[in-house]
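Lettering of chains follows the sequences in order, A, B, ..., and the numbering in each one begins at 1. Since the model is a prediction, treat every value here as computed from it, not as a measurement.
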There are 2 protein chains.
Amino acid sequence: MGITKTQIFDQQQNELAQFFKILGHPARIAILQYISKQNTCICNDLVEEIGLAQATISQHLKELKSIGLLQGEIEGKSMCYCIDIDRWTALQKNLNSFFNTTKKNCC
Amino acid sequence: MGITKTQIFDQQQNELAQFFKILGHPARIAILQYISKQNTCICNDLVEEIGLAQATISQHLKELKSIGLLQGEIEGKSMCYCIDIDRWTALQKNLNSFFNTTKKNCC
DNA sequence: TTTTGTTATCGTAATATTGCGATATTATAA
DNA sequence: TTATAATATCGCAATATTACGATAACAAAA
């Protein structure tokens with residue numbers, strides 16, 4: 001065992017969990033916050049700013065890309081990452097919908 | 001390695017990531033949805049409803065309790081779980097605040 | 001072409017998570 | 001008291017995640 005039994009859950013539950021999971025690491029939170037603070041886009045600065053190895057940052061970026069939150073553009077020899085606005089807004093809507101429909105029935 | 005370097009992030013980032021992480025499993029999403037669907041509170045039904053072993057469900061409930069989302073009350077020989085409304089609302093606010101302050105500056 | 005700077009990927013070690021059977025624990029019912 | 005039912009915890013196996021060094025890939029600069 002050790003493998004999540006995704007097949008017993010529906011697509012909405014799996015997708016939602018996947019979003020939450022990817023956001024569930026402080027480095028990825030920090031990356032999103034840093035990108036959003038800059039007017040201009042980010043490349044290697046994240047390595048210095050955050051203090052993880054370049055390979056590690058690259059891996060985190062890849063995961064954020066995997067749910068469509070980040071877009072990357074080649075800019076010379078460096079990479080310019082930015083947040084995908086539409087995706088960002090859609091995700092926020094999604095999560096709010098989960099919070100709102102999961103009503104607060106109590107004992 | 002393998003251990004998350006929490007010490008290089010601030011408390012807000014770690015806490016936020018922790019919330020996301022705990023919500024980042026389909027079983028825990030399903031548990032929250034199921035509890036919220038019932039007028040009355042839940043006990044052992046989750047085991048049948050969700051289809052994971054009792055030990056596994058109990059573990060997931062423990063994690064949801066760890067961030068304060070669930071409250072449990074002893075009711076006879078069974079356990080009655082419910083969503084903590086205040087906590088739920090506070091968490092939603094928190095996440096929305098993250099989404100809103102992480103502005104959408106793009107390349 | 002060679003060098004340099006930047007990012008991605010591979011391989012690996014350390015740790016965490018998931019899931020479950022077995023076994024406590026605890027409270028009601030008999 | 002003894003049995004029963006519900007939940008929690010322990011211990012383990014399988015898998016996933018995190019982090020990083022080494023190295024590949026690639027584009028601009030020399």
Side-chain angles (χ1 to χ4, degrees), chain A residues 1-9 13-14 17-31 34-35 40-67 70-82 107, chain B residues 1-9 13-14 17-31 34-35 40-67 70-82 107:
Chain A
M1 303 106 209
I3 185 165
T4 299
K5 290 186 156 183
T6 51
Q7 71 286 4
I8 67 174
F9 304 104
Q13 290 167 332
N14 282 314
Q18 182 64 12
F19 287 144
F20 279 126
K21 192 177 189 177
I22 298 242
L23 292 174
H25 192 289
R28 296 194 281 269
I29 298 287
I31 286 173
Y34 185 70
I35 291 186
T40 142
C41 251
I42 293 312
C43 15
N44 198 7
D45 309 344
L46 286 164
V47 177
E48 285 189 14
E49 181 66 20
I50 294 187
L52 289 169
Q54 183 268 321
T56 309
I57 294 290
S58 190
Q59 204 176 314
H60 283 305
L61 288 169
K62 192 179 173 185
E63 297 188 69
L64 288 169
K65 266 187 288 182
S66 80
I67 53 170
L70 290 187
Q71 286 179 314
E73 267 180 40
I74 298 166
E75 194 139 304
K77 45 186 161 185
S78 55
M79 201 65 183
C80 169
Y81 278 110
C82 57
C107 305
Chain B
M1 301 107 207
I3 185 167
T4 299
K5 290 185 156 182
T6 52
Q7 71 287 2
I8 67 175
F9 304 104
Q13 290 166 333
N14 283 314
Q18 182 65 11
F19 288 144
F20 279 126
K21 192 177 190 177
I22 299 240
L23 292 173
H25 192 290
R28 296 194 282 269
I29 297 288
I31 287 173
Y34 186 71
I35 292 186
T40 140
C41 252
I42 293 311
C43 13
N44 198 8
D45 309 345
L46 285 164
V47 176
E48 285 188 15
E49 181 67 18
I50 293 187
L52 289 170
Q54 184 268 321
T56 309
I57 295 289
S58 190
Q59 204 177 316
H60 284 306
L61 287 170
K62 192 179 173 185
E63 297 187 69
L64 288 168
K65 268 187 286 180
S66 80
I67 54 169
L70 290 187
Q71 285 178 315
E73 268 181 40
I74 298 166
E75 194 137 305
K77 44 186 161 183
S78 55
M79 201 65 185
C80 168
Y81 278 110
C82 58
C107 305

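- Each of B:Lys5 and A:Thr4 was matched to the nucleotide of DNA chain D holding its nearest heavy atom; the match closer to the 5' end belongs to A:Thr4.
- At least one side-chain heavy atom of B:Ile35 sits less than 4.5 Å from a side-chain heavy atom of B:Leu70.
- When the side-chain nitrogen and oxygen atoms of A:Lys21 are compared with OP1 and OP2 of D:dT17, one or more of them lie within a distance under 4.0 Å.
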Problem - Contact pattern, 5' to 3', of nucleotides 5-11 of chain D - B, S or - by protein heavy atom under 4.0 Å - result: SSBBB--
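- Using a 4.0 Å heavy-atom distance criterion, A:Ile57 is classed as making no nucleic acid contact.
- A:Ser58 places no side-chain N or O within 3.5 Å of a backbone atom of A:Ala55 that could act as its donor or acceptor partner.
- For the pair A:Ser78/A:Asn44, no side-chain contact is recorded, criterion being any heavy-atom separation below 4.5 Å from C-beta on.
- Residues B:Thr56 and B:Ile50 form no side-chain contact, since every pair of their non-hydrogen atoms from C-beta on lies 4.5 Å or further apart.
- Rounded to whole Å, the distance from CG on A:Leu52 to P on D:dT18 is 11 Å.
- One interatomic measurement links the two molecules: CD1 of B:Ile50 to P of C:dT18, which rounds to 14 Å at whole-angstrom precision.
- Aromatic ring orientation, B:Phe9 versus A:His25: perpendicular (interplanar angle above 60°, classes split at 30° and 60°).
- Taking the side chain as every heavy atom from C-beta outward, A:Phe20 and B:Ile22 never approach each other to under 4.5 Å.
- Rounded to a whole Å, the NE2 atom of B:His25 is 14 Å from the C1' atom of D:dT17.
- Along DNA chain D, the nucleotide nearest A:Ala27 and the nucleotide nearest A:Gly76 are compared for position; the residue whose nucleotide lies closer to the 5' end is A:Ala27.
- Between B:Glu73 atom CD and C:dA27 atom C1' there is a gap of 16 Å when expressed in whole angstrom units.
- B:Leu46 places its CG atom 14 Å from the P atom of C:dG19, with the value rounded to the nearest Å.
- Counting only residues at least two apart or on different chains, no salt bridge (Lys or Arg N to Asp or Glu O under 4.0 Å) pair has a member in residues 44-60 of chain B.
- Residue B:Ile3 contributes atom CD1, which lies 12 Å from atom P of D:dC20 at whole-angstrom precision.
- Rounding to whole angstrom units, CD of residue A:Glu63 and P of D:dA19 are separated by 10 Å.
- If you measure from atom NE2 of A:His60 to atom P of C:dT7, you get 16 Å, rounded to the nearest angstrom.
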